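Down below is the structure, laid out as structure tokens.
All figures in this text were calculated on a predicted structure; none of them were measured in a lab.
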Amino acid sequence: MNAKTLRIFVALSILLLGGVIVVQYYWFKQAYNLEDRDFDQRVTSSLRKVSKRLLDFNKNPNNKLLKPVERITSNYYTVQVNDVINPLVLEEFLKQEFVNADIRLNFEYGIYDCQKKNITHSASVSLSENGVRSDSTAHYDFPDLNIPNPNYYFGIHFPDKKRYLLGDLDNWFISSAILLVVMAFFVYSLMLIFKQKRLSEIQNDFINNMTHEFKTPISTISISSEVLMKPEIVNNPERLLSYAAIIRKEAARLKKNVDTVLQTANIAQKIDKLNLEEVDVHELLEDLSISCEPLFKEKNGDLIVDLQAEKVIIKADRLHFTNVLHNLIDNAIKYSEREPVIKIKTENIANDLIIKIKDNGIGIADRDQKQVFNKFFRVHTGDIHNVKGFGLGLYYVKEMIEGHKGKIELNSKVGEGSEFKLVMPLVI
């Protein structure tokens, strides 16, 4: 899948997901409104019956009801009654009518006395299967009606209405959950596509780098071999030795590249077969600084070793741990645009030995720092390809350090350099 097709696919996928979310929200809102409308109709009908029963109970035939029930808010209703309201009778009527309408929901009610001009009685009722009152006083602050001469009325408040309506949408929630799972798998598939694309790009970069690294020495060996096949070369020993040296040098370069690839390919087996022994890290670093001295002289650089740790014995495979340190130093030199200055510092923190390798190189961008330890990954340097390699060095370093039960951390700023921090458990 090329980049253009992938972009179109991702754009359409995002639009599709957005459309599904919008439609799902719309249907949820519609379903909720339908439930709310049904609830309102049942409550209004029940309250009308309660008001009529109250008038019949008071035996006042002169009272007439003109639109007695009014919905003030989504969960608060008022019912006007042209007569005194008995709290016990009202509560019983409310429970009966709500049960008949299949409204098994906790509610609070308050009774307004037009003579005293305030709420004179309130209560909270838990309307379960047996309709038992839970509290004698309601928690809701019943507001007064904003009319000049309010009549006798009672207010009904449903504190759990929203939860009650959502409970009736169980089937909708199940279907939504299934849809969310499908969407999650879809998003996961998109992530896998991007990951595969990224892996494909890394693989192509690796193949291109490997082809370049192998092609150059092979070409050199081929040309040198052709020269050596000429009869007149026998009469010129100096040229013969020169071309033989070139072949030997390029063959060694090829062998090194092959060893690098094979070494990383079998790294899991190598970790399982580590020859662990007690290693004095200071001694190892001193030997390493001596062996690297010619390389730093060639680059006019400097290697500073600051050995401050008091406890320096760790369990390690001497060969592979030396390779780890050598790889980090080699990387620091390769990615330095000026005379390399590398500082190696050791210290103890708790039961760990800390080894810090700091350079003054080009640094690593934030976006690349989490990927530099990935297999085949190389830091992007634009169109400049003056740094050789396959992107295996830091991968090998991380795998080996973790194989030794240690940790590696990276702190880097572009233009200022990088610092690799190795945390190794001490032999106690």
Flag, side chain of Ser336 to backbone of Ile333, donor-acceptor distance under 3.5 Å: no
Where Val427 and Glu278 come nearest, the two heavy atoms and their spacing: CG1-OE2, 3.7 Å
Heavy-atom donor-acceptor pair, Thr44 side chain to Gln41 backbone, under 3.5 Å: no
Residue pair Glu92 / Gln96, side-chain heavy-atom distance below 4.5 Å: yes
Glu108 side chain reached by Ser122 side chain, heavy atoms, under 4.5 Å: no
Whether Arg71 side chain and Ser74 backbone form a donor-acceptor pair below 3.5 Å: yes
Asn360 (side chain) donor-acceptor with Glu339 (main chain) under 3.5 angstrom: yes
Pairwise distance CG(Leu303) to CD1(Ile357) - rounded to 0.5 angstrom: 9.5 Å
From CA spacing to verdict: side-chain contact (heavy atoms from CB on, under 4.5 Å), Tyr77, Asp40: CA-CA 10 Å; Tyr77 297 79; Asp40 179 59; 2.7 Å; yes
Minimum-distance pair of heavy atoms, taken over all atoms of His404 and Asp317: NE2-N, 3.0 Å
Beyond-backbone contact of Glu286 with Leu307, side-chain heavy atoms, under 4.5 angstrom: yes
Donor-acceptor under 3.5 Å (Ser45 side chain, Arg42 main chain): no
Test log, rule side-chain contact (heavy atoms from CB on, under 4.5 Å), inputs Arg53 and Val89: CA-CA 10 Å; Arg53 291 180 65 180; Val89 173; over 6 Å; no
Geometric class of the Phe57/Phe93 ring pair [parallel <30°, tilted 30-60°, perpendicular >60°]: perpendicular
Arg318 side chain vs Leu284 backbone, donor-acceptor pair below 3.5 Å: no
Polar side-chain atom of Asp36 near backbone of Tyr32 as donor-acceptor pair, under 3.5 Å: no
side-chain contact (heavy atoms from CB on, under 4.5 Å) between Ser51 and Gln80, intermediate numbers included: CA-CA 8 Å; Ser51 64; Gln80 294 198 49; over 6 Å; no
Check ion pair Lys299-Asp359 (N to O, under 4.0 angstrom): no
Enclosure of Lys161 NZ (heavy-atom neighbours >12, cutoff 6.0 Å): yes
Contact check, side chains of Leu285 and Ile344, non-hydrogen atoms, under 4.5 Å: yes
Between CG on residue Asn327 and NZ on residue Lys398, distance to nearest 0.5 Å: 15.0 Å
Euclidean distance, Glu277 CD relative to Ile314 CD1, rounded to 0.5 Å: 10.5 Å
pair Ile329-Phe296: side-chain heavy atoms closer than 4.5 Å: yes
Closest contact, heavy atoms only, Asp368 versus Ile364: CB-CG2, 3.8 Å
Polar side-chain atom of Asp352 near backbone of Val423 as donor-acceptor pair, under 3.5 Å: no
Enclosure of Tyr25 OH (heavy-atom neighbours >12, cutoff 6.0 Å): no
Side-chain heavy-atom pair Phe98, Leu105 within 4.5 angstrom cut-off: no
Where Ile103 and Ser46 come nearest, the two heavy atoms and their spacing: CD1-OG, 4.2 Å
Contact check, side chains of Asp287 and Ser291, non-hydrogen atoms, under 4.5 Å: no
Rounded distance (nearest 0.5 Å) linking atom CD of Glu70 with atom CG of Leu47: 12.5 Å
Nearest-0.5 Å distance, CG of residue Leu295 to NE2 of residue His326: 7.0 Å
Considering all heavy atoms, the nearest Leu274-Gly403 contact: CD1-O, 3.9 Å
Within 6.0 angstrom of Gln30 CD, more than 12 heavy atoms from elsewhere: yes
Stepwise side-chain contact (heavy atoms from CB on, under 4.5 Å) check, Phe420 with Asn331: CA-CA 11 Å; Phe420 289 89; Asn331 258 19; 5.6 Å; no
Gap separating the CG atom of Leu165 from the CG atom of Asp160, nearest 0.5 angstrom: 11.0 Å
Where at least one partner belongs to residues 408-428, residue pairs that pass side chain to side chain donor-acceptor pair (under 3.5 Å), sequence neighbours excluded: Ser412-Ser418
Closest contact, heavy atoms only, Val305 versus Ser289: CG2-CB, 4.1 Å
For Thr346, the option from Lys311, Lys356, His282, Gln308 that meets side-chain hydrogen bond (donor to acceptor under 3.5 Å, both in side chains): His282
Check: Tyr164/Asn106 side-chain N/O donor and acceptor closer than 3.5 Å: no
Sidechain-backbone polar pair: Asn348 side chain, Glu310 backbone, donor-acceptor under 3.5 Å: yes
